[in-house]
Protein chains: 2
Amino acid sequence: MDAIDEAIVQCVLRDARSTYAEIGRAAGLSAPAAKRRLDRLVADGTVRGFTALVDTQALGWRTEAFAEVYCKGNPTPAELRRDLEAVPEVVEAYTVSGAADAIVHLMALDIPHLERAIQRVREARVIERTESVIVLSGLINRPRV
Amino acid sequence: MDAIDEAIVQCVLRDARSTYAEIGRAAGLSAPAAKRRLDRLVADGTVRGFTALVDTQALGWRTEAFAEVYCKGNPTPAELRRDLEAVPEVVEAYTVSGAADAIVHLMALDIPHLERAIQRVREARVIERTESVIVLSGLINRPRV
DNA sequence: CTTGAAACGTCGCCGCG
DNA sequence: CGCGGCGACGTTTCAAG
């Protein structure tokens with residue numbers, strides 16, 4: 001992982017559909033060399049994959065929320081992940097410091113759909129209760145990093 | 001926007017580097033037809049772009065946090081966005097219902113870096129105070145949708 | 001890094017509803 | 001007239017040298 005790899009990562013971060021020639025130009029490499037580097041980055045997990053950025057509003061995903069979750073007992077992060085993964089509306093989840101045990105980000109089609117999703121989260125065996133706030137508007141959503 | 005477009009979106013969501021032949025196969029179309037559809041989805045903003053999913057831990061981004069921000073006065077979402085965009089460590093930001101005005105997701109290299117980033121957020125003219133929690137571990141991070 | 005063959009992207013043209 | 005298939009040409013990919 002050096003400056004060349006960083007240039008490659010930044011190039012595919014900006015446009016995942018770049019050709020290897022473009023990636024190579026950004027990194028000062030030939031196309032085959034760029035491909036070998038990128039293949040290696042994918043193989044060792046530094047690059048986890050390639051996706052599209054979709055305007056979720058445009059196909060109906062109009063309602064989102066953040067929920068603080070409080071657990072019962074002290075489940076491991078792995079147990080919590082297992083239970084939260086079962087709810088497809090959960091797009092992000094993190095264990096956190098502070099009063100709550102985790103923060104989960106939910107996306108749904110509308111309010112009834114969101115309510116059902118939160119309901120399913122609360123049904124998880126390791127979860128005691130949740131405290132939710134509705135997202136009013138998305139301000140920023142930058143690709144990481 | 002029909003079932004064919006949805007199939008295309010899902011295909012590039014799973015792998016943004018899919019060939020047009022693969023996208024076409026997923027949607028029951030020829031490669032040129034798939035390209036025309038995808039080009040149209042990009043042109044009208046339904047697909048905002050294509051990125052890589054990077055393992056942020058792997059290149060040093062080891063510290064993240066969520067901050068609830070409380071504003072002074074009542075800034076518009078646009079003003080809030082402008083001020084938060086000035087801080088590159090802010091990867092997500094949303095206005096929300098509830099006591100806080102917004103939730104912002106920050107990523108930093110380490111604790112001192114995070115502290116400086118939060119400092120910069122608090123310096124924004126429209127922001128009164130913030131309340132932060134540190135992320136202990138990332139459980140889920142699904143591509144949307 | 002360069003090469004060459006196979007695969008892919010891209011464009012124009014035609015046919016269909 | 002929008003939309004999809006087909007064919008052709010230049011470009012890119014990719015494995016071998």
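So you know, we letter chains A, B, ... as the sequences are listed, proteins then strands, and number each from 1.
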Original post:
From dT13(D), dG4(D), dC8(C), pick the nucleotide closest to the side chain of T19(B)?
Top reply: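 Nucleotide nearest to T19(B)'s side chain: dC8(C).
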Original post:
Per the end-axis method with five pairs at each terminus, what is the bend angle of the helix from dC1(C)-dG17(D) to dG17(C)-dC1(D), to 10°?
Top reply: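 Comparing the first five pairs with the last five, the axes sit 30° apart.
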Original post:
Within a reach of under 6.0 Å around CZ of R125(B), are more than 12 heavy atoms found that belong to other residues, nucleotides or ligands?
Top reply: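 Counting other residues, nucleotides and ligands, CZ of R125(B) stays at 12 neighbours or fewer.
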Original post:
Should we count CD of E85(B) as having more than 12 external heavy atoms under 6.0 Å?
Top reply: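 Enclosed: over 12 neighbouring heavy atoms sit under 6.0 Å from CD of E85(B).
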**OP:** Give me the residues of residues 23-39 of chain A where at least one heavy atom lies under 4.0 Å from an atom of DNA chain C, by number, or none.
**Re:**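 Of all residues in residues 23-39 of chain A, the ones placing a heavy atom under 4.0 Å from DNA chain C are S30(A), P32(A), A33(A), R36(A).
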Original post:
When the distance from CZ of R17(A) to C1' of dT11(D) is rounded to whole Å, what number comes out?
Top reply: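 It is 15 Å, rounded to the nearest whole Å.
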Subject >> Separation of dG5(D) P from I4(B) CD1 (nearest whole Å) >> reply: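 The distance from CD1 of I4(B) to P of dG5(D) comes to 8 Å, rounded to the nearest Å.
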Subject >> Lys/Arg-Asp/Glu bridge criterion (N-O < 4.0 Å) met for E22(B), R17(B) >> reply: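 Salt bridge: no.
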Do the non-hydrogen side-chain atoms of [X] and [Y] ever get within less than 4.5 Å of each other?
{"X": "E92(A)", "Y": "R144(B)", "value": "yes"}
{"X": "W61(B)", "Y": "L109(B)", "value": "yes"}
{"X": "T130(B)", "Y": "V121(B)", "value": "yes"}

Subject >> Exercise: identify the closest heavy-atom pair between Y94(A) and N141(B) >> reply: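 Taking Y94(A) first and N141(B) second, the nearest heavy atoms are OH-ND2, 4.2 Å.
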Original post:
Looking at R36(A), R37(A), K35(A), which one forms a side chain to side chain donor-acceptor pair (under 3.5 Å) with D39(A)?
Top reply: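 So the option named by the test is K35(A).
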